Number of protein chains: 4
Amino acid sequence: MPAKEDKRSRILKAAVKVFAQRGFYNAKVSEIAKNASIADGTIYLYFKNKDEILISIFEEEMAKFISKVRKEIESEPDIKSKLRIFVKTHLNFVEKNPKLAQVFQLELRQSNKFIKEYAGSKLKEYLNVAGDIIEEGQRHGIIRKDIPPGLIKRALFGSLDEVATHWVLMKNGKYDLGKSAEQIADIFINGIAKT
Amino acid sequence: MPAKEDKRSRILKAAVKVFAQRGFYNAKVSEIAKNASIADGTIYLYFKNKDEILISIFEEEMAKFISKVRKEIESEPDIKSKLRIFVKTHLNFVEKNPKLAQVFQLELRQSNKFIKEYAGSKLKEYLNVAGDIIEEGQRHGIIRKDIPPGLIKRALFGSLDEVATHWVLMKNGKYDLGKSAEQIADIFINGIAKT
Amino acid sequence: MPAKEDKRSRILKAAVKVFAQRGFYNAKVSEIAKNASIADGTIYLYFKNKDEILISIFEEEMAKFISKVRKEIESEPDIKSKLRIFVKTHLNFVEKNPKLAQVFQLELRQSNKFIKEYAGSKLKEYLNVAGDIIEEGQRHGIIRKDIPPGLIKRALFGSLDEVATHWVLMKNGKYDLGKSAEQIADIFINGIAKT
Amino acid sequence: MPAKEDKRSRILKAAVKVFAQRGFYNAKVSEIAKNASIADGTIYLYFKNKDEILISIFEEEMAKFISKVRKEIESEPDIKSKLRIFVKTHLNFVEKNPKLAQVFQLELRQSNKFIKEYAGSKLKEYLNVAGDIIEEGQRHGIIRKDIPPGLIKRALFGSLDEVATHWVLMKNGKYDLGKSAEQIADIFINGIAKT
DNA sequence: GATGAATGAGCGTTCATTCAT
DNA sequence: AATGAATGAACGCTCATTCAT
């Protein structure tokens, strides 16, 4: 059923564009429909409501991204480089997908449904990619054990997220996210290294 | 000016309560007015619009908080303890002001005006409290100089912010923010220390 | 507060006009507002929703009509003439208020809320005006006692209602409701007389 | 034609069920289709639109009912018993077909098309069954001639209709329609008898 | 004939904001 | 300054109906 899948992705693609352009609340469903070259009502054959479009964008892009990150990490020889790659892949994704980044960093958080009702399983899964590396590092005696991995992964994610948001708000141009990635990786790798 | 100031703060106090209870978008101006025991229209004598109430809450609470943080830091003898106190004060504030924390961590970000138009001078000022400590540390040769203080302060803030948001979403109970503060401080102090 | 009362009745008057013209479901709230020379939203200061406008028309017109009927009956000397006057007043009201009659006979019954949720206390009250006459007649030995007044009043009302509806659908012109009133009164008075 | 006829009646049967359950306006065509185990679009091969389904139910059930009433009356020896049987058959039908009665008494009247456009030939035909008895009675000098049969039949129908509606709204249980039928017949037979 | 995916018109209601008093 | 009645813009969503297959 390729036609159906095709229509569904056209909606999502159009939604990313419109959300990034207008913001989630100002984005009109009818504008998304027009951008996807379908009728307004058709959207509701694929998504329950406007919030669900937003959440689907997140879930599906995150799913793709998570498996990408996993693949990148896999081939790294040690804990530290895994962590470094995790950080670099995160900020590289932001840099390469500015529209999507705007949706992830800004629009997503305007939806009550997303923030307060959506459990955020994809987010948890992503955080656990980092969490798993950290736990492994702790088992191997490379990472200090007196800080819970749950806190470390969250602190790391917070740093990346904040830097990403700032980059989006600065309209991209300003700084080099690749460099920042290296530096954030440095901070955390040194910060949590077993001494 | 006491009467006016009084009414103004009653509005802000009522707004924090209603925003925390209902969320920014679901909060009705009329409900804030009722909570402040004034007429709907009166609110517009003190604030330009609903977003301005939110922004004013942020600005005024941040002003108080910033000067508190500054005072706390002042008395600390060295860079590292200044940084540690910065972190602890941040998370302690969250823990002691759950309603305000909910507004800061969640509701504030639902306002397009806040995110996209409000330059966030108070936020910058707050970040610079950390930035100043870091710069001082770099000048004193205690903190590595190869990472821009602008990035460090943002990374640190991001970590604190993410942990705070998680705490708010978990409905507070779960974990000990005091302990987390120590651990985040540890990570960053070690992470940016000159080796 | 005459201004407020005035606005409320302007809405009701406009609603009768628009409901009669377009039917309940096709009537747009905005058209009612325009006819009443007020803003759309103002309607919702006076009525909870569109159905409530319809129900209010019914309740308020019925209240006026019921007290009119009661007054007419009061002055009649005996049971039979009371019953006759009841019938005549009913059909006379229909004849003199064609727009309202259209709303009562046709539009009202298109509202699910009216039919299925609204208890219809005013309708009950009206039926009881007839019911009371009948009970009195039974007590006085003028009306046969082997038929419950509850059935008689309903049968009588049904006859009047059906004739009224037919008259509305025939666009009024056709027949003389005054004559019909006399004849229906005849049927019922003879039909329920104690023999 | 059996397959087609079969599908058509399945739709009508499903529609009665769904209309009685949800009301005409809340009934979804797709739900009728699901109940009839056919595709949504198939309904439009048999009926022009949703209103036509409703009207068809009415017409077809009325056709069956009218011929039933005619048969019942035929075997009656005199005018009065014919009239009595007419009344009893009417209310007996209601009592024996509660779902259909709900559709006839309540849902049918919510359709603008039915009320205002559908001439109601089946209704006329049914009324004329009573009208014919009455005219015959007038010719035979049994029924008073000073009331037009057109009014009598309508008054009688109104009584039956109102009692039926009340019975439906009371959710059936309450009263004995058989008894009511006798009493209504009494009222009218006495009421229109030549004196 | 049968399907069911696609269409797109249609509108009640909310609520931030204004402004006459 | 304070009031609160009045305003009116704004739009997501449903669902009867169509039509390509």
Side-chain angles (χ1 to χ4, degrees), chain A residues 1 3-4 7-8 11 25-34 36-53, chain B residues 1 3-4 7-8 11 24-34 36-53 113, chain C residues 1 3-4 7-8 11 25-34 36-53, chain D residues 1 3-4 7-8 11 24-34 36-53 113:
Chain A
M1 208 181 281
K4 183 165 180 178
K7 203 158 287 187
R8 192 188 147 88
I11 295 170
Y25 272 101
N26 297 317
K28 285 182 245 169
V29 171
S30 64
E31 201 180 352
I32 296 173
K34 207 196 298 175
S37 309
I38 55 164
D40 294 19
T42 305
I43 287 185
Y44 293 87
L45 297 176
Y46 295 89
F47 302 96
K48 223 178 89 219
N49 51 43
K50 200 178 156 186
D51 290 84
E52 290 295 325
I53 301 175
Chain B
M1 191 206 289
K4 181 163 179 180
K7 205 160 282 189
R8 191 186 149 88
I11 295 171
F24 177 67
Y25 271 101
N26 297 316
K28 295 180 213 166
V29 171
S30 63
E31 200 181 352
I32 297 173
K34 206 199 300 176
S37 309
I38 54 165
D40 295 18
T42 306
I43 286 185
Y44 291 85
L45 298 175
Y46 295 89
F47 301 96
K48 220 178 93 218
N49 53 42
K50 196 178 160 187
D51 292 82
E52 289 296 324
I53 301 175
K113 277 248 175 55
Chain C
M1 206 180 281
K4 181 166 180 179
K7 202 159 287 189
R8 191 188 148 87
I11 295 170
Y25 273 100
N26 297 316
K28 287 183 243 170
V29 170
S30 63
E31 201 181 351
I32 297 173
K34 206 196 298 172
S37 310
I38 53 166
D40 294 18
T42 305
I43 287 185
Y44 293 86
L45 297 176
Y46 295 89
F47 302 95
K48 222 178 89 218
N49 51 42
K50 198 179 159 188
D51 290 85
E52 290 294 324
I53 301 175
Chain D
M1 191 206 287
K4 181 164 181 182
K7 206 160 283 190
R8 191 186 149 87
I11 295 170
F24 177 66
Y25 271 100
N26 297 317
K28 295 183 213 163
V29 170
S30 64
E31 201 181 352
I32 296 173
K34 206 198 301 174
S37 310
I38 53 166
D40 295 18
T42 306
I43 286 185
Y44 291 84
L45 299 174
Y46 295 88
F47 302 95
K48 221 178 92 218
N49 53 41
K50 195 179 162 188
D51 291 83
E52 289 296 324
I53 301 175
K113 277 248 176 54

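Residue numbers begin at 1 in each chain, while the letters A, B, ... track the order of the sequences. Bear in mind that the values here come from a model prediction, so they are computed numbers and not experimental data. Side-chain atoms are counted along with the backbone in the values below, which use heavy atoms only and exclude waters and symmetry mates.
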Quiz item: When you check every protein heavy atom under 4.0 Å of nucleotides 14-21 of chain E, what one-letter string (B, S, -) results, 5' to 3'?
Solution: BSSBB---
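Contacts of I43(C) with the nucleic acid, taken as non-hydrogen atoms under 4.0 Å apart, are absent.
Y46(B) has no side-chain polar atom (N or O) that falls below the 4.0 Å cut-off from OP1 or OP2 of dA1(F). Distances shown here put a side-chain N or O of K7(A) below 4.0 Å from the OP1 or OP2 atom of dA6(E).
L45(B) places its CG atom 12 Å from the C1' atom of dG4(F), with the value rounded to the nearest Å. Summarising the geometry, the separation between NZ on K34(C) and P on dA6(F) is reported as 21 Å, rounded to the nearest angstrom. Going from atom CZ of F47(A) over to atom P of dG12(F) covers 15 Å, rounded to whole Å. For the pair I32(B) CD1 and dG4(F) C1', the computed distance is 16 Å after rounding to whole Å.
Take E52(A) and apply the salt bridge (Lys or Arg N to Asp or Glu O under 4.0 Å) test, not counting sequence neighbours, and it matches no residue. With sequence neighbours left out, the side chain to side chain contact (heavy atoms under 4.5 Å, CB included) criterion links K28(D) to S30(D), E31(D). With sequence neighbours left out, D51(D) forms a side-chain hydrogen bond (donor to acceptor under 3.5 Å, both in side chains) with S111(D).
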Quiz item: Under a cut-off of 3.5 Å for both distances of each Watson-Crick or G-U pair, what dot-bracket string does DNA chain E give, using [ ] for crossing pairs and | for inter-strand pairs?
Solution: .||||||||||||||||||||
